[in-house]
Protein chains: 2
Amino acid sequence: METETVPLDRRQRRRLETIEEVLDVAADLMREQGVAGLSIGEVARRMGIRPPSLYVYFDSKNALYDGLFARGWRLLNEYMGESRTQVLDRATLDDALLEVGTLFVGWAVANPAYSQLLFWRPVRGFEPSADAYEPAVESLSGARETFGEMQRRGWIRADASIDEVTRDWTILLAGVISQQLSNAPHESFAKGSFTMALPRLVGMFAAHYAAPSPLTPRRRARHASQR
Amino acid sequence: METETVPLDRRQRRRLETIEEVLDVAADLMREQGVAGLSIGEVARRMGIRPPSLYVYFDSKNALYDGLFARGWRLLNEYMGESRTQVLDRATLDDALLEVGTLFVGWAVANPAYSQLLFWRPVRGFEPSADAYEPAVESLSGARETFGEMQRRGWIRADASIDEVTRDWTILLAGVISQQLSNAPHESFAKGSFTMALPRLVGMFAAHYAAPSPLTPRRRARHASQR
DNA sequence: GTCTATATGACGATAGAC
DNA sequence: GTCTATCGTCATATAGAC
């Protein structure tokens, strides 16, 4: 109540730094050993402290997973950057979707440990908290908004349900990521047996949801000016 | 070398029975507690024996996972039964694919623990052995053969690559299963937010790969109006 | 407030007696 | 083939030093 005018005192800042360091080490470990390979003891060992000291910053191992879950979605959202709005300038629906799809799947395949944590449910007893879920929800609603805008611009059929379009899109991306990571986790995005199917599947998706008569740039401009 | 004329002596038969019992209990446990919740100690406890005794039948916990992996794929293949050949009598490609897709995804959603083990890679250090992989390979090559036969019968475009068709199909099913189990694991198949997208996605898939001409005009009209 | 030291109980796994 | 005994590791909890 009384010291809230000071944004961050030294102690709080130091505490946040330590929390970030714990997450750094935990993310490294998860990348090396897989999601289930994360161990409180090993994190402490690498930080040069004793395991119980970690409980000052994270109440449990699942709280650590929760922090990693939130961080993973934040990293992914940062990586996607402004692409969701920028692709609205692309020539075709197919081009636009392939660009964001490639970014998304590319990050997932390059970060398999995070992907397991974000897209699957590998840890017994771990359910992401509402706070940790927030960036995930943000990502989904961002996709929905983009599809809505695409429909407003006449790229997507007017009779298509944006919720259904969004759902189908996430299913498609999840399928590619899931199959690639489960069956050939060491293949790169460029040479992945399943990631290579992405352009084809995006084409299928775009053709299915594209407005019936593909709009020429002129018609698209006319369409947009009507709103 | 000397006793191989006898197909199964009592000891061997008893051993196989015990192995089956271990797998029964392990599958129950996995269903109750999730894939990672499987514990050698708990399996032994439920069988009324001591944990070390299990090592007579399974060299390690991962060997137990291996047995469950093979058994899961066998159960799924049995569940699919003769559907892959029977659906060749259906009226449309869409009907046929929706039928096998519904069976496959339905089993997966009804058996989430097995699904995690079969379709994801949740256990650190566990890589299915070649033996355990055999029924999985059988399932995939069965799908490929069905698509090949569909192409021979003129249902699927002659210029489509059967390998690509098969791959896209597995991605689609994996996407639905993955999203449903990760985001709403307690929803039934009938009411699942993601399983409900299956008919739509199968329609998209069928429309994309269907041969342009073999359908009568009436069927084609019905096909198109389904969207 | 933050850490160390220590303890508990479960786990996977092994050795060796019977 | 099953047991007891045991090992090392794990997540977690608590007591108390600084």
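What you see is a predicted model, and the numbers here were worked out from it, not measured in a lab. Within every chain, numbering begins at 1; the chains are lettered A, B, ... in the order of the sequence lines, protein sequences first and strands thereafter.
- With distances taken from any side-chain atom of A:Arg45 to the nucleotides D:dC10, C:dA13, D:dA11, the minimum falls on D:dC10.
- Computed from coordinates, the B:Ile49 CD1 to C:dG12 P distance equals 13 Å when rounded to whole Å.
- In this structure, A:Trp73 and A:Phe119 have perpendicular ring planes: the angle between them is above 60°, well past the 30° mark.
- Between the C1' atom of C:dA7 and the OH atom of A:Tyr55 lies a distance of 14 Å, rounded to the nearest Å.
- When the side-chain nitrogen and oxygen atoms of B:Tyr65 are compared with OP1 and OP2 of C:dG12, none of them lie within a distance under 4.0 Å.
- Under 3.5 Å, the side chains of A:Thr170 and B:Gln179 contain a donor-acceptor pair of N or O atoms.
- Taking the six-membered ring where the residue is Trp, B:Phe69 and B:Tyr133 present tilted rings, their angle falling between 30° and 60°.
- The nucleotide whose nearest atom lies closest to any side-chain atom of B:Ser39 is, among C:dA5, C:dC11, C:dT2, C:dC11.
- Among the atoms of the strands shown, only primed sugar atoms or phosphate atoms (P, OP1, OP2) are found under 4.0 Å from some heavy atom of A:Leu38.
- B:Ser193 and B:Gln180 are not linked by any side-chain donor-acceptor pair at a separation below 3.5 angstrom, with hydrogens and angles left out of the test.
- With distances taken from any side-chain atom of A:Lys61 to the nucleotides C:dG12, C:dA5, D:dT12, the minimum falls on D:dT12.
- For the OP1/OP2 pair of D:dG1 and a distance below 4.0 Å, the side-chain nitrogens and oxygens of B:Ser53 include no atom meeting the criterion.
- Between the C1' atom of C:dG12 and the CZ atom of B:Arg50 lies a distance of 16 Å, rounded to the nearest Å.
- Among the atoms of the strands shown, none is found under 4.0 Å from any heavy atom of B:Pro51.
- Taking atom CD of residue A:Gln33 and atom P of nucleotide D:dT9, one finds them 14 Å apart after rounding to whole Å.
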